[in-house]
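Before any comments, here is the structure.
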There are 2 protein chains.
Amino acid sequence: MATIKDIAKAAGVSVTTVSRALNGYGDVNEKTRKHIEETAKKLNYSPNAVARSLVMNKSRTIGLLVSELNRSGAKDMFTYEVMCGINDAASDVGYDLILFSTNTVKQKQKSYTQLCRERQVEGVIMQGIKKDDPYIKEVIDSNIPCVFVDVELEGDNVGFVTTDNVFGAQMAVKHLINLGHRHIAMVNGHDKAEVSQKRLKGYMKELQEAELPVKEDYVLNGGFLESKAESAAYNFLKTNRQVTAVFCASDLMALGVMRAARRLELNIPEDLSIVGFDDIVLSQYTSPPLTTIGQDKYQMGYEAAKLLTSMLTGKKSPHKKAVLDNQLLLRETTAPPK
Amino acid sequence: MATIKDIAKAAGVSVTTVSRALNGYGDVNEKTRKHIEETAKKLNYSPNAVARSLVMNKSRTIGLLVSELNRSGAKDMFTYEVMCGINDAASDVGYDLILFSTNTVKQKQKSYTQLCRERQVEGVIMQGIKKDDPYIKEVIDSNIPCVFVDVELEGDNVGFVTTDNVFGAQMAVKHLINLGHRHIAMVNGHDKAEVSQKRLKGYMKELQEAELPVKEDYVLNGGFLESKAESAAYNFLKTNRQVTAVFCASDLMALGVMRAARRLELNIPEDLSIVGFDDIVLSQYTSPPLTTIGQDKYQMGYEAAKLLTSMLTGKKSPHKKAVLDNQLLLRETTAPPK
DNA sequence: TCCACCTCCCAAAACGTTTCGGATCATTTG
DNA sequence: CAAATGATCCGAAACGTTTTGGGAGGTGGA
């Protein structure tokens with residue numbers, strides 16, 4: 001608990017000099033700097049970041065706000081992997097991460113902006129948030145720098161990182177078309193999610209380019225839930241035997257569809273081809289392993305943090321967004337139709 | 001950015017009174033309190049936690065130190081789920097979480113204790129750390145309150161939470177014995193991990209109680225890795241056909257053993273029964289689904305945070321540890337031997 | 001000799017809170 | 001009526017830094 005004062009006293013100089021010596025300023029004699037550094041080490045000094053934050057008005061902290069940090073996120077490791085990326089990128093440039101838990105109860109009594117301002121975070125990364133979440137407006141109104149994951153918003157202090165969801169969906173559908181499928185359904189997430197909209201767009205675009213009809217009732221609502229996707233797919237496939245392939249907006253929903261297929265005694269991939277989206281860990285372990293569109297989740301987090309810190313250090317980067325590629329991972333749930 | 005001073009000026013009182021009013025002290029007139037609260041709201045005031053921390057010498061922050069916050073943790077969602085529990089428990093009592101990334105490079109230039117002291121965290125939760133990690137000595141020497149996950153250390157400022165690993169292993173082995181197995185191998189993690197030692201102990205204890213021989217070469221080293229477990233099991237099972245069951249110290253290693261069995265054309269569970277440990281998400285999705293010992297990872301995190309915060313608030317709780325039960329989850333990788 | 005200009009150092013203010021030790025005035029008690 | 005008590009309020013110090021605006025003392029040039 002040695003402070004800068006203790007060092008000053010021990011080294012026989014003023015606190016000013018200690019501060020300037022330790023922070024590498026030029027106007028302190030090399031000999032006294034050495035001396036100060038030695039006594040600092042001897043006293044086992046470590047600077048008090050809180051005091052520093054107070055006077056500098058900078059906390060070197062970025063807030064991490066994930067809408068649902070809970071067990072349900074355990075299946076798709078999305079949140080976790082993104083977090084790893086954020087963590088690495090942030091620590092590279094000496095920023096620490098503070099976790100804002102945001103259950104709706106708390107949200108009532110303390111607004112998001114308040115949380116940020118209290119803790120004096122310099123910027124925020126928001127993840128897993130829906131497009132109509134009130135938080136979004138709040139963060140934009142406050143002028144705290146922010147980058148979103150998978151919400152395409154850009155502004156003075158706002159950026160985002162995402163993957164090319166439209167093209168990803170196109171790849172998935174194109175793959176099915178190339179295999180010979182003509183009746184391709186889609187199980188989508190909820191329409192408030194930006195990624196859902198994009199993936200639907202890609203689905204439709206690719207069908208149009210192949211001059212296949214786009215049928216509205218071929219698009220099912222799976223709500224990003226395994227169970228909901230299962231029941232939706234079950235009901236649909238039962239009465240639509242002409243459909244030979246399903247594109248799912250998430251791997252988790254693809255698992256649900258696989259389950260539905262099993263209940264209907266449809267063999268995968270002989271009777272039904274399935275393509276997912278995300279490449280969650282599980283998808284390699286299903287039987288058969290799931291063909292899917294892979295996103296580099298770690299990289300998304302890494303880019304998000306890099307984007308934010310570059311915004312903070314005032315580097316006027318012209319682009320406030322990063323769109324990553326994703327790729328088709330061929331596994332065993334797709335085959336030509338019978 | 002309104003400060004307490006601004007409120008004082010606007011409300012025509014002193015900063016002292018504002019502070020005391022806002023913090024619910026008794027010696028301020030109810031009328032002036034109301035007035036102060038109103039002007040605070042009008043000025044959109046939110047307290048500066050940094051300044052408060054400085055003067056109070058309390059940050060209401062707890063550090064979260066996980067040894068490997070990286071992609072490799074994505075498979076077993078252990079880290080993530082524990083984190084969710086910690087987060088919930090911490091936010092219940094108004095603590096925020098700060099994430100300490102700790103790759104070994106950084107560790108060189110800035111010790112763990114320094115990180116904690118700089119950020120003035122009140123306590124730490126350490127997770128995923130090996131028993132011989134130098135960090136452990138460091139944290140015990142510093143007197144920062146700390147609770148470990150799955151490392152049984154107790155002291156003045158140190159506690160831990162874990163599950164009953166010995167008994168868990170016993171349950172697993174007993175289940176196999178009850179099915180009629182007599183030659184039961186074990187794939188263990190690395191021996192520096194406390195949980196490995198415990199699970200091995202349970203394995204041996206249960207064999208002894210059933211008066212079955214404990215053979216040293218029946219214990220394989222899987223290093224907590226799927227691939228290592230696979231090759232170890234492959235070599236072992238190839239030459240030990242009398243073995244009809246394997247108990248694995250982690251689900252991930254159990255997956256490796258399943259893979260090895262497949263390569264040896266052993267059917268699961270007819271030719272080989274397998275029991276895992278952890279109940280990771282994946283284990284429900286393998287084919288066949290994995291019988292395992294379930295740990296409530298979320299609860300572990302929750303208890304860890306509760307333990308720490310109770311230590312911090314000075315509640316002299318006599319027990320500085322929490323040992324949770326775990327349970328046998330019967331799925332489809334176990335059956336009587338042929 | 002005087003002035004300008006380095007080099008090295010320092011005192012004091014500032015950041016936004018909390019809290020200690022009174023101060024003021026009105027009311028009750030002896 | 002004097003003294004004690006109680007209810008409200010406030011000034012100032014403190015927390016550990018950074019930073020501003022100099023101040024010595026020395027050197028070199030005119």
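Naming convention: chains lettered A, B, ... in sequence-line order (proteins, then strands); numbering from 1 in each chain.
Contacts of B/S46 classified as side chain to side chain donor-acceptor pair (under 3.5 Å), with partners at least two apart in sequence or in another chain: A/R117. With sequence neighbours left out, B/N48 forms a side-chain contact (heavy atoms from CB on, under 4.5 Å) with A/L54, A/Q120, B/V50, B/A51. Under the rule for a side chain to side chain donor-acceptor pair (under 3.5 Å), the partners of A/T61 that lie at least two apart in sequence or sit in another chain are B/R119. By the side-chain contact (heavy atoms from CB on, under 4.5 Å) test, A/Q197 is found to be paired with A/K131, residues two or more places apart in sequence or in another chain being considered. Residues satisfying the side chain to side chain donor-acceptor pair (under 3.5 Å) test with A/S59, not counting sequence neighbours, are none.
An angle of 60°, rounded to 10°, separates the two end axes of the helix from C/dT1-D/dA30 to C/dG30-D/dC1, each defined over five pairs.
Within residues 49-57 of chain A, the residues approached by DNA chain C to less than 4.0 Å at the level of any non-hydrogen atom are A/L54, A/V55, in residue-number order. Near DNA chain C, meaning a heavy atom under 4.0 Å away, the residues from residues 17-38 of chain A are A/T17, A/D27, A/V28, A/N29, A/T32.
Applying the salt bridge (Lys or Arg N to Asp or Glu O under 4.0 Å) definition to pairs two or more places apart or across chains, none involves residues 43-67 of chain B. A salt bridge (Lys or Arg N to Asp or Glu O under 4.0 Å) check over residues 297-313 of chain B, counting only residues at least two apart or in different chains, returns nothing. Residue pairs meeting the salt bridge (Lys or Arg N to Asp or Glu O under 4.0 Å) criterion with at least one member in residues 9-31 of chain B, sequence neighbours excluded, are B/R20-B/D27, B/E30-B/R33.
Counting non-hydrogen atoms under 4.0 angstrom, B/T16 reaches a base of the nucleic acid.
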Only distances under 3.5 Å count here; give the side-chain donor-acceptor pairs of residues 36-45 of chain B to other protein atoms, sequence neighbours excluded, each with its distance to 0.1 Å.
from: B/T39; atom 1: OG1; to: B/H35; atom 2: O; distance (Å): 3.3
from: B/T39; atom 1: OG1; to: B/I36; atom 2: O; distance (Å): 2.9

